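Okay, structure first, notes after.
On a predicted model such as this, the values are computed, not experimentally measured, just so you know. Throughout, numbering of the chain's residues begins at 1 and tracks the sequence.
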Amino acid sequence: MAGVRLKNVSKVFPGGVKAVSDFNIEIEDKEFIILVGPSGCGKTTTLRMIAGLEEITEGELYIGDKLCNDVAPKDRDIAMVFQNYALYPHMTVFDNMAFGLKLRKTPKDEIKRRVHEAARILNIEHLLDRKPKALSGGQRQRVALGRAIVREPKVFLMDEPLSNLDAKLRVQMRTEISKLHLKLNTTFIYVTHDQTEAMTMGTRIVVMKDGFIQQIDSPQKLYDEPANLFVAGFIGSPQMNFGNAIVERKDDGKLTLVFGEYRLDLNAEKSAEIEKQGYVGKEVIFGIRPENIYEMDAAGALGNHASIPLKADVEVTERLGSETLLYVVINDVNFTARVSPKSKVQPNEQVELLFDMDRIHIFDKDTEKAIVH
């Protein structure tokens with residue numbers, strides 16, 4: 001088993017296109033790391049550099065204690081699972097899974113043992129004689145995983161392995177891959193653009209944008225304490241709501257956010273941090289998650305953390321059974337509120353909403369970095 005370390009790793013493609021810049025991370029042995037970000041952020045390029053499928057322009061890559069910049073992909077002791085499965089159509093499932101082992105001249109008995117063991121783990125023993133065209137998408141993905149498992153690698157690399165599956169199967173396979181990680185007890189590095197996938201599977205998440213790391217943290221920490229506006233908006237579904245406000249001091253000395261006609265009073269802890277960092281009198285961006293916005297009848301649950309009521313024009317309501325999403329406009333700014341499924345609110349009505357002021361996030365308007373959570 002092995003950890004993976006990337007030290008100041010960069011990738012520049014011909015023509016000077018910089019895909020990854022100064023990437024630094026220490027991935028511990030047996031960790032499940034997720035690289036997440038929008039298309040073109042450099043996550044797949046990073047994975048391909050670890051695999052040896054892309055050359056590293058600058059920096060160092062260690063797998064275990066071994067510097068691997070110039071080590072051939074086949075000698076890195078890694079296995080990669082691709083988005084498009086990459087199965088051989090003319091071979092049976094057994095032969096697809098056994099192919100890499102045959103190339104390595106592994107004894108036949110050992111190949112048979114490993115393939116059957118992997119098939120048992122993935123519940124595809126009954127498919128070993130079939131060819132890929134006779135399999136569903138989910139079954140093909142299991143075969144691709146099986147082909148990686150039989151190699152018994154130190155590190156598993158997975159490049160958006162679930163993106164070709166339908167929504168229900170994706171949820172099921174997420175669970176399967178998490179179970180697989182616990183069973184195999186190996187290092188997993190997993191690329192996805194789906195933040196729900198990232199939040200549910202990873203021990204740590206690397207959020208990327210434009211080739212740069214934005215934040216590396218546990219799923220909960222990313223959610224509760226995003227480092228900047230991009231991470232705050234990317235992690236969470238529906239995404240965090242944002243508005244511009246000016247920090248003012250009231251007559252009683254407390255700080256408030258002036259948001260159009262509304263004054264959103266800050267608690268003592270947030271006020272102290274904003275004061276300390278010199279933001280009184282300045283414009284900032286505040287963020288609030290949909291689940292931290294309440295209808296007036298839920299004011300009791302908020303106690304004294306509630307803002308003053310804000311009048312909101314309801315544009316759309318989505319009733320999802322377990323919750324209702326209200327898409328509203330407050331002060332010409334769009335907000336999404338996640339409220340009780342019992343909500344009676346209809347489109348084109350006006351509703352009064354409350355913000356949980358203990359859960360408000362504040363960001364610098366120019367740098368977009370978080371000031372206080």
Using the side-chain contact (heavy atoms from CB on, under 4.5 Å) criterion, which residues pair with R151? Sequence neighbours excluded.
A79, R104, P153
List the residues meeting salt bridge (charged side-chain N to carboxylate O under 4.0 Å, His left out) with R249, not counting sequence neighbours, and say none if there are none.
E275
Using the salt bridge (charged side-chain N to carboxylate O under 4.0 Å, His left out) criterion, which residues pair with R174? Sequence neighbours excluded.
none
Would you say [X] has more than 12 foreign heavy atoms packed within less than 6.0 Å of its [atom1]?
{"X": "E315", "atom1": "CD", "value": "yes"}
{"X": "D252", "atom1": "CG", "value": "yes"}
{"X": "K74", "atom1": "NZ", "value": "no"}
{"X": "E352", "atom1": "CD", "value": "yes"}
{"X": "D75", "atom1": "CG", "value": "yes"}

Quick one: pull up [atom1] in [X] and [atom2] in [Y] and give me the separation to the nearest 0.5 Å.
{"X": "K43", "Y": "I213", "atom1": "NZ", "atom2": "CD1", "value": "14.0 Å"}
{"X": "L255", "Y": "I362", "atom1": "CG", "atom2": "CD1", "value": "9.0 Å"}
{"X": "F99", "Y": "R147", "atom1": "CZ", "atom2": "CZ", "value": "9.5 Å"}

Can you confirm whether N24 sits close enough to D22 that some side-chain heavy atom of one is under 4.5 Å from a side-chain heavy atom of the other?
yes
Got a donor-acceptor contact below 3.5 angstrom from the Y190 side chain to the P161 backbone?
no
Between Q215 and D217, do the side chains contain a donor N or O and an acceptor N or O under 3.5 Å apart?
yes
Taking atom types as modelled and ignoring hydrogens, do the side chains of E323 and S340 form a donor-acceptor contact shorter than 3.5 angstrom?
no
Distance to the ring centre below 6.0 angstrom and angle to the axis at most 45 degrees; does that hold for K11 and F13?
yes
Would a hydrophobic clustering, with Ile, Leu, Val, Met, Phe, Trp and Tyr connected at side-chain separations under 4.5 Å, put L53 with F156?
no
